[in-house]
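This report refers to the structure that appears directly beneath it.
Residue numbers start from 1 in every chain, and the chains themselves are labelled A, B, ... in the order their sequence lines are given, proteins ahead of strands.
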Amino acid sequence: EVQLVESGGGLVKPGGSLRLSCAASGFTFTNAWMSWVRQAPGKGLEWVGRIKSKTDGGTTDHAAPVKGRFTISRDDSIDTLYLQMNSLNSEDTAVYYCTADRVGDTQFQQWGQGTLVTVSS
Amino acid sequence: DIVMTQSPDSLAVSLGERATISCKSSQSLFMSSTNKNYLAWFQQKPGQPPKLLIYWASTRESGVPDRFSGSGSGTDFTLTISSLRAEDVALYYCLHYYAAPRTFGQGTKLEIK
């Protein structure tokens, strides 16, 4: 069974940092491109960024609102995706989902349940 | 960056009737090298992650009822629910995955009339 399980969310003060993790199982994580997507309370879905598989270069792309503050990385030895978030502000308050951006010919088929990040003093 | 615009923002349809949601992209999502449109549709219910319904603009995800269909090419795409059921009440989003950054439409709220 395919599973994506996010962790690491919580309450953080403005200007603070947080690292989210996404543990993957049930598919070949090494070959997958992975994305983070967030959803602010009562708002729509927002793509945060993506990391390609190492076979495809392992490069990252980040959305403009988070570029320079957020960094996506992966550890294929333990099938885990990360999102390092620095210089957080209130607009970063959201549920953060990890998703399999591309696995073979499938796109965005698998999603985690999400982890809530609240930025507040 | 590619901008995705959905319409309408909200939609009320009677049970058993057809629901149609439009999604337009600011540039073509068709890639000639693969002959595919890089467009997906998702359904999201409260407190749940998005659920993939359609990918490659018209390919239904396994397990998705056949009352859901996707069509379109280039910059204009449509999600159609042929006969609305109560469990279809949800938010619906389109997403392009043609390149980075990926972008979602703003969402369409589907309700029962």
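- If you measure heavy-atom distances from A:Gln110 to chain B, you find no contacts under 4.5 Å at all.
- Residue B:Leu91 does not touch chain A at all, counting heavy-atom pairs closer than 4.5 Å.
- Within the 4.5 Å cutoff, the side chain of B:Trp56 has heavy atoms near those of the A:Gln107 side chain.
- Between chain A and the options B:Leu95, B:Thr103, B:Thr59, heavy-atom pairs under 4.5 Å are most frequent for B:Leu95.
- Using a 4.5 Å cut-off between heavy atoms, B:Lys36 touches chain A through its side chain atoms alone.
- Taking all atoms of both residues into account, the shortest heavy-atom contact from A:Leu45 to B:Tyr93 is CD1-CD1, 3.6 Å.
- To the nearest 0.5 Å, atoms CZ (B:Phe42) and CH2 (A:Trp111) are separated by 5.0 Å.
- Each of A:Ile51 and B:Tyr98 belongs to its own hydrophobic cluster when Ile, Leu, Val, Met, Phe, Trp and Tyr are linked at side-chain heavy-atom distances under 4.5 angstrom.
- With values rounded to the nearest 0.5 angstrom, B:Leu53 atom CG is found 14.5 Å from A:Phe108 atom CZ.
- A:Leu4 and B:Leu52 are assigned to two separate hydrophobic clusters, defined by single-linkage of ILVMFWY side chains at heavy-atom distances under 4.5 Å.
- Annotation: side chain of A:Arg102 is not in contact with side chain of B:Tyr97 (no heavy-atom distance under 4.5 Å).
- Around atom CZ of B:Arg18, no more than 12 heavy atoms belonging to other residues, nucleotides or ligands sit under 6.0 Å away.
- With contacts defined as side-chain heavy-atom distances shorter than 4.5 Å, the pair B:Gln44/A:Gln39 qualifies.
- Hydrophobic clustering of Ile, Leu, Val, Met, Phe, Trp and Tyr side chains at less than 4.5 Å, counting indirect connections, unites A:Val117 with A:Phe70.
- Few gaps surround NZ on A:Lys54; more than 12 heavy atoms of other groups in view lie less than 6.0 Å from it.
- Of all the listed residues (B:Glu61, B:Gln106, B:Lys51), the one sharing the greatest number of non-hydrogen pairs under 4.5 Å with chain A is B:Glu61.
- Within a 6.0 Å radius of NZ in A:Lys43, no more than 12 heavy atoms belonging to other residues, nucleotides or ligands are found.
- Interface remark: A:Val48 contributes no atoms to any contact with chain B (heavy atom separation under 4.5 Å).
- If you tally non-hydrogen atom pairs under 4.5 Å between each of B:Pro50, B:Ala40, B:Ala100 and chain A, the highest count goes to B:Pro50.
- Hydrophobic clustering of Ile, Leu, Val, Met, Phe, Trp and Tyr side chains at less than 4.5 Å, counting indirect connections, keeps A:Leu11 apart from A:Val119.
- Only the side chain of A:Tyr97 comes within contact range of chain B, with heavy atoms under 4.5 Å apart.
- The neighbour count for B:Glu87 CD, taken as heavy atoms of other residues, nucleotides or ligands under 6.0 Å away, is above 12.
- If you measure heavy-atom distances from A:Asp101 to chain B, the contacts under 4.5 Å come from the side chain alone.
- Grouping the Ile, Leu, Val, Met, Phe, Trp and Tyr side chains by contacts below 4.5 angstrom, directly or via other members, places B:Phe30 apart from B:Tyr55.
- The shortest non-hydrogen separation linking A:Gly112 to B:Pro49 is O-CB, 3.3 Å.
- Across B:Phe104 and A:Val37, no two heavy atoms sit closer than the pair CE1-CG1, 3.8 Å.
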